[in-house]
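No hydrogens, no waters, no symmetry mates; every other heavy atom, side chains included, goes into these values.
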Amino acid sequence: MLEEKMEQESTGSGSSKFSSLQWVFKVKNMAWEAYKSKPFSHWVLLFLSSLGMLVAFPASSLLSRVYFANGGTSKWIISWVAVAGWPIPALILFPMYLFHRTSPTPLSLQLFCSYVFLGFLSAADNLMYAYAYAYLPASTAALLASSSLAFSALFGFWIVNNKLNASVINAIVIITAAMTIIALDSDSDRYPYVSNSQYIWGFVWDILGSALHGLIFALSEWVFIKFLGRRSFHVVLEQQVMVSFCAFLFTTIGVIINKDFQGMTSEAKTFKGGVTAYNLVLIWSVITFQLGVLGATGILFLASTVMAGVLNAVRVPVTSIAAVLLLNDPVSGFKILSLVITFWGFASYIYGTSTGSKLP
């Protein structure tokens with residue numbers, strides 16, 4: 001009996017190992033088939049788009065914090081540089097018209113008004129995030145901004161009738177819990193020169209900006225469904241260019257009214273590192289933000305919203321860890337816990353959006 005039992009255990013163990021090997025080979029074959037199904041240029045573009053999301057976006061967030069930490073004070077200026085790079089995607093779009101025989105999408109009055117409205121919301125969104133980065137550590141601001149995923153799911157449900165399943169609802173609850181943990185731990189990561197009221201307002205502006213970001217995402221999807229009806233790469237770029245241009249105009253008006261352009265000269269002189277450092281921070285902020293948006297656009301077109309969600313999930317810890325290492329952001333056990341919970345929420349969301357099970 002003992003020998004039979006040992007033989008059964010040995011057989012079961014061998015079967016388990018064989019099953020694991022089968023799964024590994026299956027995944028390997030699926031990856032190889034996927035690789036062969038697309039041209040090499042597709043994977044190069046996908047790799048560059050992924051870099052845009054995982055490198056450019058975190059760099060843009062860190063540069064915003066560097067601006068305020070080294071003497072920058074204008075929230076309008078840092079929100080202006082977020083959209084001042086709108087010609088960058090335009091430089092990619094126009095050659096597509098010339099060399100790929102692609103015609104511009106007809107601009108109806110309704111579509112034009114949609115772009116203007118989205119541009120206004122984007123300008124307001126950038127300004128809210130600017131206030132957040134003025135008063136919060138970059139790692140904290142990045143964690144709070146991850147709540148935009150929950151808002152995107154909710155607004156997508158209300159505006160474009162996207163379905164919510166149990167995993168997505170679970171993700172919303174988990175991310176909300178992570179934001180609550182950060183709020184309860186506010187004393188551990190507040191800069192000495194930031195007052196309690198400023199920290200609270202930074203927290204509030206970050207959450208409001210995340211909510212508005214989720215609304216913009218849902219409205220953008222609604223515009224595609226209602227007016228465009230197709231999601232080709234050049235149509236996505238057209239929307240990005242038009243919305244960024246409108247946001248640029250609205251933000252420029254705000255900067256002019258606030259007379260912040262006139263104050264840039266004196267601000268640059270008092271900036272830590274001098275005028276050169278000041279100009280470099282602003283220039284690279286312009287470039288990195290637009291490269292990040294281009295990367296996200298490329299991922300959505302070349303892969304899927306699920307992969308975009310995966311990279312967005314990875315981007316949060318990348319930004320937080322980089323802020324701690326490069327900017328000496330304060331870190332506590334509660335912030336680490338919030339980071340882990342946020343990542344768990346992202347994983348739940350990705351699982352929910354990649355399965356077909358829906359709530360009734």
Side-chain angles (χ1 to χ4, degrees), residues 52-53 56-70 72-86 118-152 155 175 178-179 182-183 186 189-191 194 198-220 240 243-244 246-248 250-255 258 260 281-282 284-293 295-296 312 315-316 318-320 322-323 327 329 342:
M53 285 196 70
F57 263 146
S60 175
S61 300
L62 295 183
L63 286 168
S64 297
R65 185 58 229 161
V66 167
Y67 168 81
F68 289 113
N70 289 275
T73 58
S74 174
K75 287 79 176 176
W76 277 106
I77 290 296
I78 207 65
S79 59
W80 180 78
V81 299
V83 288
W86 68 268
L118 286 172
F120 174 77
L121 294 181
S122 296
D125 189 42
N126 292 331
L127 186 61
M128 291 178 184
Y129 279 133
Y131 272 92
Y133 277 94
Y135 302 134
L136 301 177
S139 55
T140 302
L143 283 169
L144 292 174
S146 66
S147 62
S148 64
L149 181 66
F151 289 113
S152 295
F155 284 123
I175 292 174
M179 302 307 102
I182 295 179
S186 60
D189 69 345
R190 188 172 66 246
Y191 291 120
V194 174
Q198 286 176 328
Y199 184 92
I200 293 173
W201 275 113
F203 194 99
V204 170
W205 286 123
D206 207 340
I207 296 296
L208 289 177
S210 299
L212 188 55
H213 189 79
L215 176 61
I216 292 170
F217 189 86
L219 288 175
S220 298
Q240 181 184 336
V243 172
S244 295
C246 293
F248 171 76
F250 282 119
T251 309
T252 301
I253 293 171
V255 174
N258 208 46
D260 281 2
V281 167
L282 295 185
W284 279 108
S285 294
V286 171
I287 296 172
T288 53
F289 188 87
Q290 288 300 320
L291 289 180
V293 175
N312 201 44
R315 181 169 67 89
V316 173
V318 167
T319 305
S320 300
L327 304 181
D329 262 19
T342 300

Spacing of Ser210 atom OG and Trp205 atom CH2 [to the nearest 0.5 Å]: 13.0 Å

Main-chain N/O of Ala82 paired with Gln290 side-chain donor or acceptor, under 3.5 Å: yes

Any side-chain heavy-atom pair of Cys246 and Leu118 under 4.5 Å: no

CD on Gln198 to CG on Leu136, rounded to 0.5 Å: 10.5 Å

Residue pair Thr251 / Ala123: nearest heavy atoms and the distance that separates them: OG1-CB, 3.5 Å

Approximate separation, where rounding is to 0.5 Å, of Asp206 CG and Tyr131 OH: 14.5 Å

Phe120 and Phe250 aromatic ring geometry - parallel, tilted or perpendicular at 30°/60° bounds: perpendicular

Polar side-chain atom of Asn258 near backbone of Gly254 as donor-acceptor pair, under 3.5 Å: no

Rounded distance [0.5 Å steps], CG in Asp125 versus CG in Leu215: 9.5 Å

Any side-chain heavy-atom pair of Leu212 and Leu208 under 4.5 Å: no

Contact check, side chains of Pro137 and Arg65, non-hydrogen atoms, under 4.5 Å: no

Non-hydrogen atoms of Tyr199 and Val194 that approach each other most closely: N-CG1, 3.7 Å

Shortest non-hydrogen contact between Lys75 and Ala130, atoms and distance: O-CB, 3.4 Å

Nearest non-hydrogen partners of Ala178 and Thr342, listed with the distance: CB-OG1, 3.3 Å

Closest heavy-atom pair and its distance - Ala138, Leu62: CB-CD2, 4.0 Å

From CD1 (Ile287) to CG (Leu63), nearest 0.5 Å: 10.0 Å

Nearest-0.5 Å distance that lies between atom OH in Tyr67 and atom CD1 in Ile77: 6.0 Å

Side chains of Tyr129 and Ser79 in contact at under 4.5 Å (non-hydrogen atoms): no

Nearest heavy-atom neighbours spanning Phe217 and Ser152: CB-OG, 4.0 Å

Thr252 (side chain) donor-acceptor with Phe248 (main chain) under 3.5 angstrom: yes

